[in-house]
Q: 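The structure under discussion is supplied below as structure tokens; questions concerning it will follow.
Both ligands and their constituent atoms are indexed starting at 1 by order of listing.
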Amino acid sequence: MKLLVINGPNLNMLGIREPGIYGTESYEALCKKVRDYAAARNVEVELYQSNHEGDLVDKIQAAWGNTDGIVINPGAYTHTSVALLDAVKAVGIPTVEVHISDVSKREAFRQVSYSRAACVATISGHGLDGYIEAMALLIDKKAP
Ligand code: DQA
């Protein structure tokens, strides 16, 4: 099994950006957690981060035919990007949306998620553990 874990804009700044909201652990620490969990579950994982919407679309498209599940934190593009929604729909790969913070308890503009409509599940507000929960859902095929 191969999983792709995608992070959108500003998630490379984890540990630096708004630590009260996103915590003090770095993007590299997140990558290590994801890689360690993948190794423990005996699955292949690729990590990708970009601040650019089109690059994220390209990465999702490139997963077609070679990836069994996607975990995506689209960052701010969650709330704006029809292109990312369409890309996930286009490839038809089971995808779980993750947010480190509980977006449901934040500003009104964060209540809207374009990506959600293409995702089999959304995990929000569980910190970095949300990525692991999302991987577990895909590996165990417990996502609806
Ligand atoms: C986020 C929430 C988004 O609203 C925000 O723009 C992010 C991170 C989260 O992980 O909580 O960049 O997706």
Side-chain angles (χ1 to χ4, degrees), residues 2-41 43-64 67-144:
K2 185 183 173 196
L3 297 180
L4 173 63
V5 177
I6 300 181
N7 279 285
N10 299 307
L11 288 154
N12 56 316
M13 297 290 283
L14 280 179
I16 298 166
R17 75 180 289 213
E18 302 179 90
I21 297 175
Y22 299 111
T24 53
E25 291 190 89
S26 65
Y27 177 69
E28 287 68 31
L30 169 63
C31 292
K32 184 178 181 329
K33 270 183 204 283
V34 164
R35 286 200 187 96
D36 287 352
Y37 185 70
R41 296 297 308 268
V43 302
E44 199 184 328
V45 71
E46 181 183 354
L47 284 128
Y48 181 77
Q49 190 278 328
S50 176
N51 295 322
H52 305 281
E53 186 176 15
D55 289 346
L56 295 165
V57 170
D58 286 346
K59 194 67 190 176
I60 294 165
Q61 288 185 4
W64 182 73
T67 299
D68 304 296
I70 297 174
V71 174
I72 186 164
N73 183 347
Y77 289 138
T78 306
H79 319 298
T80 61
S81 179
V82 178
L84 285 183
L85 164 70
D86 285 349
V88 174
K89 281 188 169 172
V91 295
I93 299 168
T95 298
V96 178
E97 178 188 35
V98 171
H99 299 290
I100 296 166
S101 65
D102 184 354
V103 282
S104 72
K105 302 220 166 73
R106 298 183 63 194
E107 302 96 322
F109 63 84
R110 292 186 208 272
Q111 315 294 316
V112 176
S113 168
Y114 286 91
S115 328
R116 187 166 304 176
C119 292
V120 294
T122 297
I123 296 168
S124 185
H126 295 185
L128 301 190
D129 289 347
Y131 291 84
I132 306 304
E133 290 169 31
M135 291 169 74
L137 279 181
L138 292 165
I139 295 166
D140 297 331
K141 301 206 173 14
K142 285 197 180 130

Q: When you check the side-chain N and O atoms of E53 and N51, is any donor under 3.5 Å from an acceptor?
A: no
Q: Closer than 4.0 angstrom: is that true for some heavy atom of E18 and an atom of ligand 1?
A: no
Q: So which protein heavy atom does atom 9 (C) of ligand 1 come closest to, and at what separation?
A: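 Protein heavy atom at minimum distance: I100 N, 3.3 Å.
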Q: Mark the output for V103 as yes if a heavy-atom distance to ligand 1 is under 4.0 Å, and as no if none is.
A: yes
Q: May I ask you to list the atoms of ligand 1 that are less than 4.0 angstrom from any heavy atom of H79?
A: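 Those of ligand 1 that fall under 4.0 Å from H79 are 3 (C), 4 (O).
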Q: Tell me: protein heavy atom nearest atom 11 (O) of ligand 1, and distance?
A: S101 OG, 2.6 Å
Q: Please table the atom pairs, donor to acceptor, closer than 3.5 Å between any side-chain atom in residues 27-35 and protein atoms at least two apart or in another chain.
A:
from, atom 1, to, atom 2, distance (Å)
K32, NZ, D36, OD2, 2.6

Q: For ligand 1, which atoms have a heavy atom of N73 less than 4.0 angstrom away?
A: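 Answer, ordered by atom number: 1 (C), 9 (C), 10 (O), 13 (O).
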Q: Just to be sure I read this right, does ligand 1 sit under 4.0 Å from the backbone of R17, its side chain, both, or neither, counting only heavy atoms?
A: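 Side chain only.
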Q: Would R110 count as a polar contact of ligand 1, with the cut-off being nitrogen or oxygen pairs under 3.5 Å?
A: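 For ligand 1, there is an N or O atom that lies under 3.5 Å from one belonging to R110.
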Q: Do the side chain of S104 and the main chain of D102 share a donor and acceptor less than 3.5 angstrom apart?
A: no
Q: Report the part of H99 (side chain from C-beta onward, or backbone N, CA, C, O) that has a heavy atom under 4.0 Å from ligand 1; answer both or neither where that applies.
A: both
Q: Out of V71, I72, V96, which one pairs with V5 under the side chain to side chain contact (heavy atoms under 4.5 Å, CB included) rule?
A: V71
Q: With a cutoff of 4.0 Å, is Y22 in contact with ligand 1, counting heavy atoms of the residue only?
A: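 Flag set, Y22 near ligand 1.
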Q: In this structure, which one of E97, H79, H99 forms a side-chain hydrogen bond (donor to acceptor under 3.5 Å, both in side chains) with S113?
A: E97
Q: Quick one: do R41 and D140 make a salt bridge, cutoff under 4.0 Å?
A: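 The answer is yes: the pair qualifies as a salt bridge.
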Q: Between I132 and M135, is the side chain to side chain contact (heavy atoms under 4.5 Å, CB included) condition met? List the steps.
A: CA-CA 5 Å; I132 306 304; M135 291 169 74; 4.3 Å; yes
